[in-house]
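Protein chains get the first letters and strands the later ones, always in sequence-line order, with residue 1 at the start of each.
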There are 2 protein chains.
Amino acid sequence: MDTTREYKIGDFAKLVGLTTFTLRYYENEGLIQPHRNRNGRRFYTTQDSRWVGFLLHLKGTGMTMTELKQYVQLRAQGDQTIAQRKALLRQVQTRCRNEIAERKANLTILNHKIDWYDGKLTHEISDDESFADYLKKFNENS
Amino acid sequence: MDTTREYKIGDFAKLVGLTTFTLRYYENEGLIQPHRNRNGRRFYTTQDSRWVGFLLHLKGTGMTMTELKQYVQLRAQGDQTIAQRKALLRQVQTRCRNEIAERKANLTILNHKIDWYDGKLTHEISDDESFADYLKKFNENS
DNA sequence: TTTTGACTTAGAGTTAACTTTAAGTGGTAG
DNA sequence: CTACCACTTAAAGTTAACTCTAAGTCAAAA
């Protein structure tokens, strides 16, 4: 493993799947702190790509910029903020779980609707059975 | 069951959990077609609330306004568009499944991070074990 | 050496899906 | 009767998270 490589912003952008605009934006917001060479140009390391990777995982859970900034601030204050960071992540975790559950529930309805269309197309469902009626078959538990 | 009730826009809004603004907006976009009384005021029926309920389920899968409008247009053309409607919903279904999967994967990382903080707080994880190292324990498959 | 890429700041533009306002009219419930 | 709710159109405002531009300077790759 090469842990000492340095990337210019353009190359790093490709590496992590962001644009240079976004990288500078994140930097502005305090989420990333690239290094500078003697000419004042940014460079990024493998370490930085790991951090950005983690950031993107957090983003992917629905964590907002505001929350990410809070998180980064806490992180900068060292180990005494671990409990607070954990609390923050727990909040994001709960919300994310709820969103997934809700999304799944909606997807289930969509699945049934598609099945219903299937039935219509293959004439397994009579012409006059409504989707509402059809849905009742899956409602043992409500 | 009372299937003949009529609701004024304000009451209907409460019933379905939207604002009157949003109801008029959806109507404008062609997603809802309320009835009018002799004074030109909108009223909505139980039928309408079922339709809005379904709309909201579709929205909840990540279906966009544009897609919903397409869907409603197809619906208005009758049974000969069932295959097209099914195709549209399938596309939404696939995207929704992918998004859920991605979200779950990100949540898994978040879960591990929280566990890692837990370990730090209870000193089950040594002070110098990095999260990256910790994560490796779960990476049998990558 | 020419083109490509990086640097700066401040600010404008983008996107989706609402959300609200204005400004005036006119039913309706308590 | 009075407060409240509904009606209209057109347009502006909101939010988050980017995304891009301008305008000029400067370094580096082909």
Nearest-angstrom distance from the residue atom OH of A:Tyr25 to C1' of C:dG13: 14 Å

Check the distance between D:dA11's C1' and B:Asn28's CG and give it to me in whole angstrom. 13 Å

Taking 4.0 Å as the cut-off, does a side-chain nitrogen or oxygen of A:Arg36 come that near to OP1 or OP2 on D:dA27? no

How about B:Lys14: does its NZ atom have over 12 heavy atoms from other parts shown lying under 6.0 Å from it? no

Please determine if a side-chain N or O atom of B:Arg24 lies less than 4.0 Å away from the OP1 or OP2 oxygen of D:dC7. yes

Return the orientation label for the B:Phe12 and B:Tyr7 ring planes: parallel under 30°, perpendicular over 60°, tilted otherwise. tilted

Using a heavy-atom cut-off of 4.0 Å across all strands, would you classify A:Tyr26 as base, sugar-phosphate, or nothing? sugar-phosphate

Side chain to side chain donor-acceptor pair (under 3.5 Å) between A:Tyr117 and B:Arg85: does it pass, once the steps are laid out? CA-CA 8 Å; A:Tyr117 279 141; B:Arg85 276 183 264 164; 3.3 Å; yes

For the rings on A:Phe54 and B:Phe131, is their centre-to-centre separation under 6.0 Å? yes

Under 4.0 Å between a side-chain N or O of A:Lys59 and OP1 or OP2 of D:dC18? yes

State which of D:dA17, C:dT8, D:dT19 makes the closest approach to the side chain of A:Arg42. C:dT8

Let me know the distance between CG of A:Asp11 and C1' of C:dA6, rounded to the nearest Å. 12 Å

Among the candidates C:dA6, C:dT8, C:dA17, find the nucleotide nearest to the side-chain atoms of A:Thr20. C:dA6

Do A:Glu29 and A:Arg24 sit within salt-bridge range, that is, some charged N less than 4.0 Å from a carboxylate O? no

A:Thr22 has its side chain closest, among C:dC18, D:dT19, D:dC7, to D:dT19

Per-nt protein contacts along nucleotides 21-30 of chain C (heavy atom under 4.0 Å; B base, S backbone sugar-phosphate only, - none) come out as B----BBS--

Side chain of B:Met65: nearest nucleotide among C:dT8, D:dA17, C:dA17? C:dA17

Taking the minimum atom-to-atom distance to the side chain of B:Thr19, which one of D:dC18, C:dT19, C:dC18 wins? C:dT19

Rounded to whole Å, how long is the line connecting atom CZ of A:Phe43 with atom P of D:dA28? 13 Å

Nearest whole angstrom, please: distance from the P of D:dT19 to the CD1 of A:Ile9. 14 Å

Measure CE/B:Met63 against C1'/C:dA17 and give the value in whole Å, please. 15 Å

Could you check whether A:Arg42 pairs with A:Glu27 (Lys NZ or Arg NE/NH1/NH2 to Asp/Glu carboxylate O, under 4.0 Å)? yes

If the threshold is 4.0 Å, N to carboxylate O, is there a salt bridge linking B:Glu6 and B:Arg41? no

Round to the nearest Å and state the distance from B:Phe12 atom CZ to D:dC7 atom P. 13 Å

Separation of atom CD in B:Glu6 from atom C1' in D:dC5, rounded to whole Å: 17 Å

